[in-house]
A.B. asks: 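Can you keep this structure in mind? I'll have questions shortly.
So that the names make sense, note that chain A is the first sequence line, chain B the second, and so on, each numbered from 1. These values consider heavy atoms only, across backbone and side chains, with no hydrogens, waters or symmetry-generated copies.
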Amino acid sequence: MAELQHFSGAGSVETVNYSSTLSSTEQDLSSQDSSQVPEAASAEVEVHDSSDITEETSGPIKLVAEKDQKTLFAVLQFLRKNNLGETVNALEQEAEKAGVKLKGDPASGSQLSTDEVSSLLSAYSNEADPSSYEDNYRLLQQCIETSLDAHKCELAQLSYPVFIHMYLVLIYNHHETKAKSFFHRFSGVLEDFHQDDLSQLSAVTMKSQMEGNNFIFSLRSNKYVVRISQDSNDMLKRYLEEKNKPLVQDIIQSHITLDVFEGLPRTRTQIKASAGGLCGEARQDENKVKVFYGLLKEPDIDIPLEDDDDLDDSQDGSSKSKKRKKKEFLSKKNKADPNAPALTRIPLPEIKDADKLEKINIAKESLKRVRLGGMERVAPSVCCYTFTNAFGTVTAVDISDDSSLLAAGFQDSHIRVWSLTPRTLRTVKSAAELSLLDKEGDDIFERMMDDCTGVESKTLFGHSGTVYALSISPCRTLLVSSSEDGTVRLWSLLTWTNLVVYKGHVWPVWGTQFGPHGHYFVSCGQDKVARLWVTDHHQPVRMFAGHLSDVDCVAFHHNSNYIATGSSDRSVRVWDVLNGNCVRVFTGHKKPVLCLAWSPDGKYLASAGVDTDILIWDIATKVMVGMFKGHTAAVETLAFSRDGEVLASGGLDNTVKVWDFQQVIWDIDTDDIGMQRGHATITDHNYLLSDFPTKESPIFHLHFTRRNLLLSVASFLNPS
Amino acid sequence: MCNLALMAESKTPGFWTKNCEKSGLAAVSTDSIKAAAESIGISQLPDQVSVRLANETTFRIKEIFQDSLKFCNHRKSRKLSCQDIDNALKSKNIEPLYGFVSKDFIPFRFSSGGGRELHFVEEKELDLNDIINAPLPKITYDVAIKAHWLAIEGVQPSIPENPAPEKQFSIDILKKGESKEPKTGIKALKSCHVQNNNPLISAKKPDSSSTSLVSLKPQFTHELSVEQQLYYKEITEAAVGSSEARRAEALQSLATDPGLAQMLPRFSTFVSEGVRVNVVQNNLALLIYLMRMVKALMDNPTLNLEKYLHEMIPAMMTCVVSRQLCTRPDVDNHWALRDYAARLMAQICRSFSTSTNLIQSRITGTFCKCLHDDKSSLAARYGSVAGLAELGPNVIQSLALPRLRVEGDRIKNILESPLLNAIDRTAAEHLRGLLVKHCGHVIKGLRQPPDLSEDYSNEYGYLGPLICQHITKLREQEAHKSRLLASAGLNRPAMGIGSRPSLMSTGSSSSQQNSSLSSSPNLDHQFSLNSNPSSVGASSRMTFYGSNSKTSMFDGS
């Protein structure tokens with residue numbers, strides 16, 4: 001396919017190939033039988049170690065820097081250890097192409113990599129007196145407490161990372177009892193939202209347990225980032241030098257990155273809003289790249305101005321206003337957005353006649369749209385589809401963009417698709433019958449369907465594990481699903497069969513979503529990686545690596561150029577599809593992120609998860625601009641209304657809440673100095689528009705129809 | 001398999017982490033390790049080893065739990081299940097625990113002995129034959145989707161699929177300050193105090209006062225869903241409107257719809273307020289319509305009016321004994337209304353009167369009071385007699401007969417007075433007719449022929465001769481009928497015949513009920529031009545959503 005070749009040509013060759021090599025590594029791993037079990041378990045971290053590092057180098061990988069060479073050696077070493085000869089060869093060939101000499105001395109290479117791996121841990125080895133840690137930590141606390149109020153909050157950020165690393169040093173040096181007493185003495189004073197991590201940490205009580213533990217690995221392989229103002233930083237430095245406490249100084253130097261910014265220290269709310277990441281906040285330099293968040297220019301389609309249905313029953317005046325409205329609508333769409341990426345930045349599928357028809361439909365429907373929120377605070381109407389007799393086995397739901405199909409994935413690995421309209425679900429005719437049809441006829445799409453097969457719901461069998469995510473393609477003929485069995489499957493909704501099984505993720509695949517223009521879809525999973533696929537290739541075309549823990553959810557930007565991912569490391573990242581780079585990192589969630597939604601204008605990203613808060617991120621200014629508090633259990637789904645006026649959220653607390661999103665945008669003070677420095681700017685206004693409890697039915701999915709009717713999907717849990 | 005047991009111990013995600021963060025004490029004890037070791041044949045496990053093992057086991061179990069929490073999250077559930085743990089084990093390349101499928105709660109048993117304490121899961125031996133021969137379990141219902149309105153323009157309709165509005169009450173009150181209260185149309189009905197629901201009351205209280213009334217009340221009155229409000233509006237408008245066809249449909253709906261219990265208080269208030277207002281305005285037609293509504297409500301087998309009798313009975317009583325019910329008493333047929341309401345009253349007595357509520361004695365007391373009161377008008381007297389007559393011949397015999405002479409004199413005085421006007425004349429004539437008809441029937445049973453006009457006159461005064469004539473006529477008819485029947489070879493007892501043309505019967509209560517029911521259509525015809533009972537289709541169209549669509553799943557088996 002020419003398009004795709006063009007695509008890989010557009011990106012950097014190295015990235016693509018490198019990624020595919022990595023993926024084949026994992027495929028090999030997955031195909032190995034259980035004799036490889038112990039290696040495979042430890043393999044996970046190391047594969048990602050390498051990918052983490054490649055991520056750090058940012059951009060197309062030019063394998064020149066010495067560091068990269070080391071990385072490559074480490075990868076090769078790992079591959080050899082696991083007898084993945086084919087992959088080794090492939091990687092070597094790649095490397096040679098890139099002009100790197102690999103064939104030097106394999107022995108020295110292996111030596112290097114073992115050093116590399118062990119050096120991470122050995123950073124903790126320390127000969128200091130174990131009892132001095134408590135004194136040192138108390139001194140740090142004193143420093144925080146005695147500092148000026150303005151700096152107190154900033155310096156308090158240090159207490160958590162210093163605490164965990166001191167604890168790990170004690171454990172590493174076999175001072176188990178000291179470590180335990182240290183933990184009990186100081187864990188109580190830390191912020192509440194660290195409790196999850198602390199409980200994970202407290203489980204580690206011996207050095208042997210530090211190896212192979214994902215959490216510990218993330219902590220020790222990444223520096224904890226603390227954002228701090230210039231003044232506070234100076235104060236801290238002065239204090240540490242004064243007291244001459246090398247232990248704290250060492251830890252700050254080796255395990256903590258102080259990201260210093262100019263200007264006034266942040267307030268407590270600001271700090272708390274963006275705290276919570278597994279390894280602290282995002283560094284400022286991680287968010288520097290410009291993001292083309294604008295919407296793509298709509299292709300010129302002649303949308304018929306005269307709407308027959310409207311003219312019949314409407315008065316002259318109203319039809320005039322409608323026309324005006326339509327003109328406004330059209331002009332808005334056709335204006336080029338300065339923030340939009342070029343149409344050809346990412347190759348998109350050609351627009352077919354059916355797509356044009358669809359676009360006309362969308363335009364027509366949107367004229368009948370209800371305006372929500374606003375000054376009148378119009379609350380939406382909500383239609384709830386409740387699963388009955390499901391007993392909590394529904395695990396994933398999606399509704400097609402035109403609200404005509406509903407797909408649900410179940411715990412017992414099957415998928416069911418329902419028609420929400422009177423149109424039944426039909427199967428395409430057999431090949432023999434199809435050959436008799438006149439393929440040039442206008443109604444070919446109608447005639448190729450077999451009317452006798454029309455039913456209300458169809459079942460798809462194929463997965464061998466719980467289905468965690470589903471997505472219906474914009475053209476409504478394809479469905480992609482991801483499952484606990486580590487596969488992503490593509491289904492045809494014309495033949496109702498499985499078309500492709502995408503193997504690549506080794507562990508459960510938590511999320512998947514079709515791109516807004518079709519053709520592309522993304523998936524993400526427990527292997528900490530998100531992957532971009534095209535429907536006609538069985539290999540991923542991009543891998544997005546950088547999260548420190550499971551990638552729990554993924555969402556395509558409306559212009560197909562970016563994806564957003566949410567992770568169990570409590571961060572939200574935005575990735576560029578063109579080159580696979582991470583362009584934004586947002587921290588602020590205190591627990592795993594489970595759902596994401598892009599605002600219709602593409603400028604804002606909403607995220608929510610287990611910590612029940614909904615956070616709004618501004619892509620352009622790179623800051624948190626809103627926080628909606630109100631849910632009492634995990635938020636499972638978010639949906640923006642079609643015109644971006646309101647945001648609906650639903651979750652396990654059995655309620656649908658509607659938030660006045662437009663008000664949040666109005667309330668943003670763009671001149672705020674803190675915002676320009678990238679501090680979270682949130683107000684404590686209550687933006688809740690309405691709150692609709694259901695009857696013991698957790699909300700799994702929310703969807704606004706093109707006319708802004710809110711559809712919610714819930715599953716009734718029998719209370720017995 | 002004690003780590004199994006420990007694994008299964010945690011029931012909710014919160015439970016485990018909470019324990020951990022609170023104390024960090026949740027740990028596998030060395031005793032458990034030793035017990036496990038013994039179970040696989042290692043008797044003397046050194047202490048050091050068991051401590052080490054316990055430590056390691058705790059760590060591994062915690063790790064597995066942390067992983068299984070992820071699976072629980074992604075399953076979109078708040079409850080950790082065995083499958084989550086299986087999945088976590090699988091993702092660690094450990095073989096999952098097969099056959100461990102307890103759905104909810106695992107009952108641990110405690111046992112102690114020899115200075116050791118143990119918690120274990122009891123695993124009974126099962127006979128495979130029993131399982132094979134056991135009857136097949138019921139096939140579970142297929143997963144289905146049901147659509148309903150969670151909210152309509154921001155307002156949650158109260159339908160079985162939505163949580164009860166009472167639960168939300170506190171939230172509503174809190175929100176009242178910020179969200180604007182809908183002020184117009186039927187939405188106002190929802191929040192209004194019950195009395196304001198009545199479209200018949202011309203002077204409506206301003207809505208603002210009614211909303212404040214609601215927010216002050218600690219308990220919320222029944223909140224009707226939007227559909228119910230619409231239904232209420234439609235029905236009440238149709239029932240008192242001008243279109244007879246629509247009225248017939250509305251009454252049909254009231255008499256047959258099974259889901260009206262929730263709205264009964266509204267209808268009851270509607271009737272009582274309607275009567276109150278229209279009696280003052282002497283609006284005969286509306287009063288008749290309202291009484292027909294009462295009849296329809298009474299006919300509905302799913303409704304129990306007992307709780308609303310305190311509103312219904314006064315309204316009906318008014319329609320029976322009111323001094324004036326129409327603007328032109330000389331021309332308008334308000335007598336029919338009195339008869340109709342009296343019949344309804346009798347029906348109420350039969351249905352609801354008990355020895356504790358004494359409805360019948362209270363109603364007869366009211367009628368008697370009216371009859372004994374010298375100042376009450378002739379129309380009121382007519383109503384009282386009609387009311388008493390509907391309650392049965394015994395009532396007439398004991399309460400009306402003694403008054404017959406007095407009433408006769410009164411009628412005579414009026415009819416023979418020089419200032420006689422048309423109103424009084426019709427009233428007196430109607431009363432006379434009624435008394436003659438009912439008393440005559442009773443007296444016929446009391447006296448034996450021959451019927452002599454003088455005797456009657458002596459005993460009953462002015463009305464005596466008329467009654468005498470009436471009885472003679474009755475006896476002739478009876479004799480004629482029995483002759484006819486005899487000639488036809490069908491010698492039926494007279495009682496059987498009497499049950500058909502109502503009122504004449506002295507039979508059992510069942511035949512009385514029968515009579516009152518059978519007589520009502522006559523009156524309906526009297527008022528309705530087109531009372532077509534076949535409008536079920538139309539009325540079912542009016543049936544609102546949720547009222548009778550019983551959903552098995554929301555009943556919470």
A.B. asks: Which answer fits A:S712, side chain, backbone, both or neither, if we ask what part of it has an atom under 4.5 Å from a heavy atom of chain B?
C.D. replies: side chain

A.B. asks: Side chain, backbone, both or neither: which part of A:F410 has an atom under 4.5 Å from a heavy atom of chain B?
C.D. replies: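 The side chain, not the backbone.
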
A.B. asks: Of the backbone (N, CA, C, O) and the side chain (C-beta and beyond), which part of A:V378 lies under 4.5 Å from a heavy atom of chain B, both, or neither?
C.D. replies: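 No part of it gets close to chain B.
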
A.B. asks: Could you tell me whether B:F71 and A:W510 have their ring centroids closer than 6.0 angstrom?
C.D. replies: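 Yes, they do, as the ring centres are separated by less than 6.0 Å.
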
A.B. asks: Heavy-atom cut-off 4.5 Å, strictly under: side chain, backbone, both or neither for A:T694 against chain B?
C.D. replies: both

A.B. asks: Using the side-chain contact (heavy atoms from CB on, under 4.5 Å) rule, take A:I699 and A:L702 through it: C-alpha gap first, then chi angles, then the decisive distance, then the call.
C.D. replies: CA-CA 8 Å; A:I699 309 294; A:L702 288 169; 4.0 Å; yes

A.B. asks: Looking at A:V370, is its backbone amide N or carbonyl O close enough to the side chain of A:N708 to form a donor-acceptor pair, meaning the two atoms are under 3.5 Å apart?
C.D. replies: yes

A.B. asks: Counting only heavy atoms closer than 4.5 Å, note whether A:Q200 contacts chain B via side chain, backbone, both or neither.
C.D. replies: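 Both backbone and side chain.
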
A.B. asks: What part of A:Q209 is in contact with chain B, defined as an atom under 4.5 angstrom from a non-hydrogen atom: side chain, backbone, both or neither?
C.D. replies: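 Its backbone and side chain both get close to chain B.
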
A.B. asks: Among A:D412, A:D485, A:V394, A:I415, exactly one meets side-chain contact (heavy atoms from CB on, under 4.5 Å) together with A:V467. Which residue is that?
C.D. replies: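 By the side-chain contact (heavy atoms from CB on, under 4.5 Å) criterion, A:V467 pairs with just one of A:D412, A:D485, A:V394, A:I415: A:I415.
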
A.B. asks: Can you tell me if A:D527 uses its side chain to pair, donor with acceptor, with the backbone of A:W507 under 3.5 Å?
C.D. replies: no

A.B. asks: Sort B:E56 into side chain, backbone, both or neither according to what part of it lies under 4.5 angstrom from a heavy atom of chain A.
C.D. replies: both

